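Scroll down for the structure; my scribbles are underneath it.
Keep in mind that this is a model prediction, so the values were computed, not measured. Atom set for the values below is all heavy atoms of this structure, side chains included, hydrogens, waters and symmetry mates excluded.
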Amino acid sequence: MKTNLKMNDVSKKEFLNDVAEEMAKLLKKPLPAVMVMLDDCPMCMNRSEDTVVFSEFRYVMPREFTDNKSGFLKQFADTMLAVIQKHTKVDPYRIYMQFTEMDRQSAWRYTE
C-alpha cells in the first residue's frame, strides 16, 4: 500500500496489523503467511494532494470461493475499504485497490 498520509509509528503498526489480520481471515491463511507493506510518499490524484491510498493485493483464491470469485472479491474489497477508511479517514473515492489472483501452483508457500 502507498499513501501520502503521514502516520506516526504506532498508527502505522496498528494499521498494518489490522490489514494483516483481516487478510488472514479472508484468505484462510495463518497470520505469518500474510505480508503487508506501507509506504508513505508524495501522491497526487485528480491534481489534488489530498489524502489518497493505493493498495495492491496479491492473493491465492481460497478453494471454497472457486465458484464464486465475484462474491469473494466483493467481500475482499469491502473489508479492505473498511479497514483503510478506519485508519486513514480518506474519502473512499480517493482509494484505489488492485486485486491480482496468483496461481496456486506458482505462489509462494508458507511453511511453519
- Query: Is any side-chain heavy atom of I84 closer than 4.5 Å to a side-chain heavy atom of F15?
  - Reply: yes
- Query: Does the pair K13 and D9 meet the rule for a salt bridge (charged side-chain N to carboxylate O under 4.0 Å, His left out), with working shown?
  - Reply: CA-CA 6 Å; K13 185 173 183 169; D9 289 343; over 6 Å; no
- Considering non-hydrogen atoms only, spot the tightest contact between L26 and P62 and give its length. O-CG, 3.5 Å
- Message: Please check if the number of heavy atoms outside E64 that lie under 6.0 Å from its CD is greater than 12.
- Response: yes
- Looking only at heavy atoms, what is the nearest atom pair of P92 and Q85, with distance? CD-NE2, 3.3 Å
- Query: Do T100 and Y59 pass the side-chain contact (heavy atoms from CB on, under 4.5 Å) test, and can you show the C-alpha distance, the side-chain angles, and the key distance before you say yes or no?
  - Reply: CA-CA 6 Å; T100 303; Y59 65 93; 5.6 Å; no
- Query: With distance as the sole test, does S11 use its side chain to make a donor-acceptor pair with the main-chain N or O of M7 at under 3.5 Å?
  - Reply: no
- Establish whether I95 and M23 are linked, either directly or via other cluster members, by ILVMFWY side-chain heavy-atom contacts under 4.5 Å. yes
- Query: Could you give the distance from CG (N4) to CD (E49), rounded to the nearest 0.5 Å?
  - Reply: 7.5 Å
- Query: Any chain of hydrophobic side-chain contacts (each under 4.5 Å) joining M45 to M43?
  - Reply: yes
- Message: So, using ring pair (Phe, Tyr, Trp, His ring centres under 6.0 Å) as the criterion, who are the partners of F57 when residues are at least two apart?
- Response: F76, F99
- Output the distance between atom CG (D18) and atom CE (M80), rounded to the nearest 0.5 Å. 8.0 Å
- Note on the structure: NE2 (H87) and CG (L16) are apart, to the nearest 0.5 Å, by 9.0 Å
- Between Q98 and Y96, is any pair of side-chain heavy atoms under 4.5 Å apart? yes
- Please report the closest heavy-atom contact between F72 and L27, naming both atoms and the distance. CZ-CD2, 3.6 Å
- Message: One pair to check against side-chain contact (heavy atoms from CB on, under 4.5 Å): V53 and L5. What are the steps and the verdict?
- Response: CA-CA 8 Å; V53 177; L5 177 65; over 6 Å; no
- Message: Once rounded to the nearest 0.5 Å, what's the spacing between atom CE of M61 and atom CD of E101?
- Response: 4.0 Å
- Go through the structure and list residues passing side-chain hydrogen bond (donor to acceptor under 3.5 Å, both in side chains) with D67, not counting sequence neighbours. none
- Any side chain to side chain donor-acceptor pair (under 3.5 Å) involving residues 33-46? Give me the pairs, sequence neighbours left out, ordered by first then second residue. K2-D39
- Query: Between E56 and M1, does a side-chain contact (heavy atoms from CB on, under 4.5 Å) hold up when you go through it step by step?
  - Reply: CA-CA 6 Å; E56 180 181 7; M1 294 183 290; over 6 Å; no
- Which atoms form the tightest heavy-atom contact between D78 and K74, and what is the distance? OD2-NZ, 2.6 Å
- Query: Stepwise, does the salt bridge (charged side-chain N to carboxylate O under 4.0 Å, His left out) test hold for E14 with K12?
  - Reply: CA-CA 6 Å; E14 289 173 358; K12 282 182 186 179; over 6 Å; no
- Message: As an exercise, state the distance from CE of M37 to OG of S55, rounded to the nearest 0.5 Å.
- Response: 11.0 Å
- Go through T51 and R94 one step at a time and tell me if the side-chain contact (heavy atoms from CB on, under 4.5 Å) criterion holds. CA-CA 7 Å; T51 302; R94 295 187 60 79; 5.8 Å; no
- Query: Distance-only, no hydrogens or angles: does the K89 side chain make a donor-acceptor pair with backbone N or O of K86 under 3.5 Å?
  - Reply: yes
- Item | Min side-chain heavy-atom separation L38-T3 under 4.5 Å | yes
- Message: Quick check: is L81 connected to V52 through a chain of hydrophobic side chains (ILVMFWY, heavy atoms under 4.5 Å apart)?
- Response: no
